[in-house]
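One structure below.
Values below: all heavy atoms of this structure, side chains included; hydrogens, waters and symmetry mates excluded.
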Amino acid sequence: MTFRPDPTFHATAQLAMRAPVENYGFTVMLSPDGAQPDALAVVDLNPDSDRYGTIVHTLAMPYTGDEFHHFGWNACSSSLSPMSGHAFLERRYLIVPGIRSSRIYVIDVKDPLDAKIHKIIEPEEVFEKTGYSRPHTVHCGPEGIYISTLGGGGADGTDGPPGVFIMDCETFEILGRYEMDRGKQDKHYDFWWNLPQDYMVSSEWGLPPQFENGIVAEDLLANRYGHSIHFWDLRRRKNIQTMDFGENYQMALEIRPAHDPKKSYGFCGIVVDTTNLQGAIFTWWRGDDGTWQSKKTITIDPRPEAAENLPPLLQGFEAVPPLVTDIDLSLDDKYLYVACWGLGEMHQYDVSDPMNPVLTGKVELGGIARGTPHPGGGAFVFGPQMVEISRDGKRVYWTNSLYSSWDNQFYPGQEGGQMVMARVGDNGGLTLDPDFYVDFPKGYRAHQIRLEGGDCSTDSFCYPNL
């Protein structure tokens, strides 16, 4: 606890954009074969530093087989909510779940160069107190830490549906399940909210047997992965509406609501349309009658490719699907970044009019049957994946690993973990920085990034922009 709000907490997204820029980035490293423990890497992001663009600290875990994936802060700008009893928390701890082990690490990064494990929550405690497994997305709420899961109970995670549970933001004790009435929700992936408007949105990937050992082609072609998003009354913890995009829109993943809490819209990325292999973005919004609506506002076409250049999974299609696996929205709600992991492309769209996005920038890097190298000369395996935007919107960082078993299917025989950065032009546009290239240690891949002081997929703002 502190005696005043943490200076990295901001009442509005506008104020967050004016805050000091990031000096460090935190990236999770995973060992795809479990031969070594997963780790947290601290990357120097200060261009005036002699160690700029290098790993300056690494914290290895005491166990193997966790598979680090998504992670988040113990506290953020949501603590400034007028309903919060926790305005004097610090943004000090990273909550890092193992998506395979269901183990959760609480890591103290108050001194980024001396990051250390503060607490370990064993999987048995997660199972006992929640009935859930495979913890995934972490969001700091005004009264606790919310964690979504991808599995229910039982060895294969199919004994009951997955959901969200809440941790105490000071003691890190697991309090229990979030849902009072889940309605039609039976799969999970991402979630986010608008605190003043008191709603939450969640999305769907698939159940553990559908993703842990790789994509199940039969399930994909039969449209058995998630294709709906769910709207919740946040405080009543009740599902008030389920919106089905259509069963061909397989894997509705990242949820990105507008940052300005006066706005009642957001975006959801669709990995693949099984009718044509396109990727898609849907804009969702609340209508005048209070119900939620949606419209497909972006489509991204597959690229034709000779079968002999493709992994076995795609040879019958003779095409490379975009595979939209992450999206992120700048704090001014102007630019949406779309990671096309299959094509090897990062797209930038001007979404000032959320119903009519305009492509304003594109970077090619990696990609199936393409393998575009970094302009600085380094290799970039796989494709652009987890994307994170600086608070001021001028720098876009991304890594390359999706999920170990899926990496192996779509990019067989390839190994490595990289992190890169692109600069945003004054009027849009995206240019890779040839001097920023992080090559992670051999045997590791890299997934999600968090930025010192917060970033564009971390904080929820409680007050409207002026």
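Here the straight-line distance linking atom CD of Glu90 with atom OG of Ser79 works out to 11.0 Å at 0.5 Å rounding. Separation of atoms CZ (Arg391) and CG (Leu15) is listed at 12.5 Å; rounding is to 0.5 Å. The CZ atom of Arg92 sits 9.0 Å away from atom CG of Asn74, with the distance rounded to the nearest 0.5 Å. Once rounded to the nearest 0.5 Å, the distance linking CD of Gln293 with OH of Tyr265 reads 16.0 Å.
A salt bridge links Asp190 with Arg256: the distance from a Lys NZ or Arg NE/NH1/NH2 to an Asp or Glu carboxylate oxygen falls below 4.0 Å. For the pair Asp392 and Arg395, the salt-bridge criterion is met [side-chain N within less than 4.0 Å of a carboxylate O]. A salt bridge links Glu122 to Arg103: at least one charged side-chain nitrogen sits closer than 4.0 Å to a carboxylate oxygen. Under 4.0 Å is where a charged nitrogen must lie from a carboxylate oxygen, and between Lys129 and Glu173 at least one such pair does. With salt bridges taken as basic N to acidic carboxylate O contacts below 4.0 Å, one links Glu415 and Arg445. Looking at Arg100 and Asp66, no side-chain N of the basic residue comes within less than 4.0 Å of a carboxylate O on the acidic one, giving no salt bridge. Between Asp181 and Arg237 there is no salt bridge, since no side-chain nitrogen of the basic residue lies less than 4.0 Å from a carboxylate oxygen of the acidic one. Checked for salt-bridge contact, Glu305 and Arg370 miss the test: no charged N lies under 4.0 Å from a carboxylate O. Electrostatic pairing of Arg235 and Glu143 counts as a salt bridge here, judged by a charged N lying under 4.0 Å from a carboxylate O.
Tyr189 and Glu204 share no donor-acceptor pair across their side chains, judged by distance under 3.5 Å alone. Remark: the Gln418 side chain and the Asn400 side chain contain an N/O donor-acceptor pair separated by less than 3.5 Å. A donor-acceptor contact closer than 3.5 angstrom links the side chains of Asp168 and Thr171.
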Under the side-chain contact (heavy atoms from CB on, under 4.5 Å) criterion, do Leu30 and Asp38 qualify, and how do the steps go? CA-CA 5 Å; Leu30 60 116; Asp38 290 358; 4.0 Å; yes
Checking Ile107 against His118 for the side-chain contact (heavy atoms from CB on, under 4.5 Å) test, could you report, in this order, the C-alpha distance in whole Å, the side-chain angles of both residues, the deciding distance, and whether it holds? CA-CA 5 Å; Ile107 300 176; His118 174 75; over 6 Å; no
Quick one: do Trp192 and His139 satisfy ring pair (Phe, Tyr, Trp, His ring centres under 6.0 Å)? Show the steps, please. CA-CA 8 Å; Trp192 216 349; His139 273 310; 4.9 Å; yes
Show your working on side-chain contact (heavy atoms from CB on, under 4.5 Å) between Tyr178 and Met200 and close with a plain yes or no. CA-CA 12 Å; Tyr178 164 78; Met200 184 174 84; 3.5 Å; yes
Let me see the working for Glu247 and Arg224 under salt bridge (charged side-chain N to carboxylate O under 4.0 Å, His left out), right down to the final yes or no. CA-CA 8 Å; Glu247 65 175 14; Arg224 296 190 185 113; over 6 Å; no
Worked check of ring pair (Phe, Tyr, Trp, His ring centres under 6.0 Å) between His136 and His188: CA-CA 9 Å; His136 185 257; His188 226 299; 8.9 Å; no
Take Thr242 and Ser228, measure what side chain to side chain donor-acceptor pair (under 3.5 Å) needs, and give me the verdict at the end. CA-CA 7 Å; Thr242 290; Ser228 297; over 6 Å; no
Verdict with supporting geometry, Phe410 and Trp341, ring pair (Phe, Tyr, Trp, His ring centres under 6.0 Å): CA-CA 10 Å; Phe410 287 97; Trp341 188 67; 5.8 Å; yes
Could you walk me through whether Val201 and Phe191 satisfy the side-chain contact (heavy atoms from CB on, under 4.5 Å) test, starting with their C-alpha distance in whole Å, then the side-chain angles of each, then the deciding distance to 0.1 Å, before giving a yes or no? CA-CA 5 Å; Val201 196; Phe191 70 101; over 6 Å; no
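Taking the six-membered ring for Trp and thresholds of 30 and 60 degrees, Phe231 and Tyr199 have ring planes inclined between 30 and 60 degrees apart. Ring geometry for Trp205 versus Phe211: interplanar angle under 30°, hence parallel rather than tilted (30 to 60°).
The minimum heavy-atom distance between Cys462 and Pro196, with the atom names listed, is O-CG, 3.4 Å. Across Asp455 and Ile449, no two heavy atoms sit closer than the pair OD2-O, 4.3 Å. Shortest non-hydrogen contact noted between Gln409 and Ile215 is OE1-N, 2.6 Å. A pairwise comparison of heavy atoms in Phe282 and Ser294 identifies CD2-OG, 4.1 Å as the closest pair. Scanning both residues, Phe9 and Leu89, for their nearest heavy atoms gives CE1-O, 3.4 Å. Annotation for Ala339 and Pro384: closest pair CB-O, 3.5 Å, computed over non-hydrogen atoms.
Aromatic rings of Tyr411 and Trp406 (six-membered ring for Trp) have centroids beyond the 6.0 Å cut-off, not under it.
Residue Phe165 forms a side-chain contact (heavy atoms from CB on, under 4.5 Å) with just one option from Leu175, Ile145, Ile174, and that option is Ile174. Paired with Pro321 under the rule side-chain contact (heavy atoms from CB on, under 4.5 Å), one option of Leu277, Leu343, Ile300 passes, and it is Leu277.
The number of heavy atoms from other shown groups lying within 6.0 Å of CG (Asn223) is above 12.
Listed for the Asn239 side chain is a donor-acceptor partner under 3.5 Å among the backbone atoms of Arg182. Of the possible donor and acceptor atoms, none in the side chain of Asp186 sits under 3.5 Å from a partner among the backbone N and O of Pro161.
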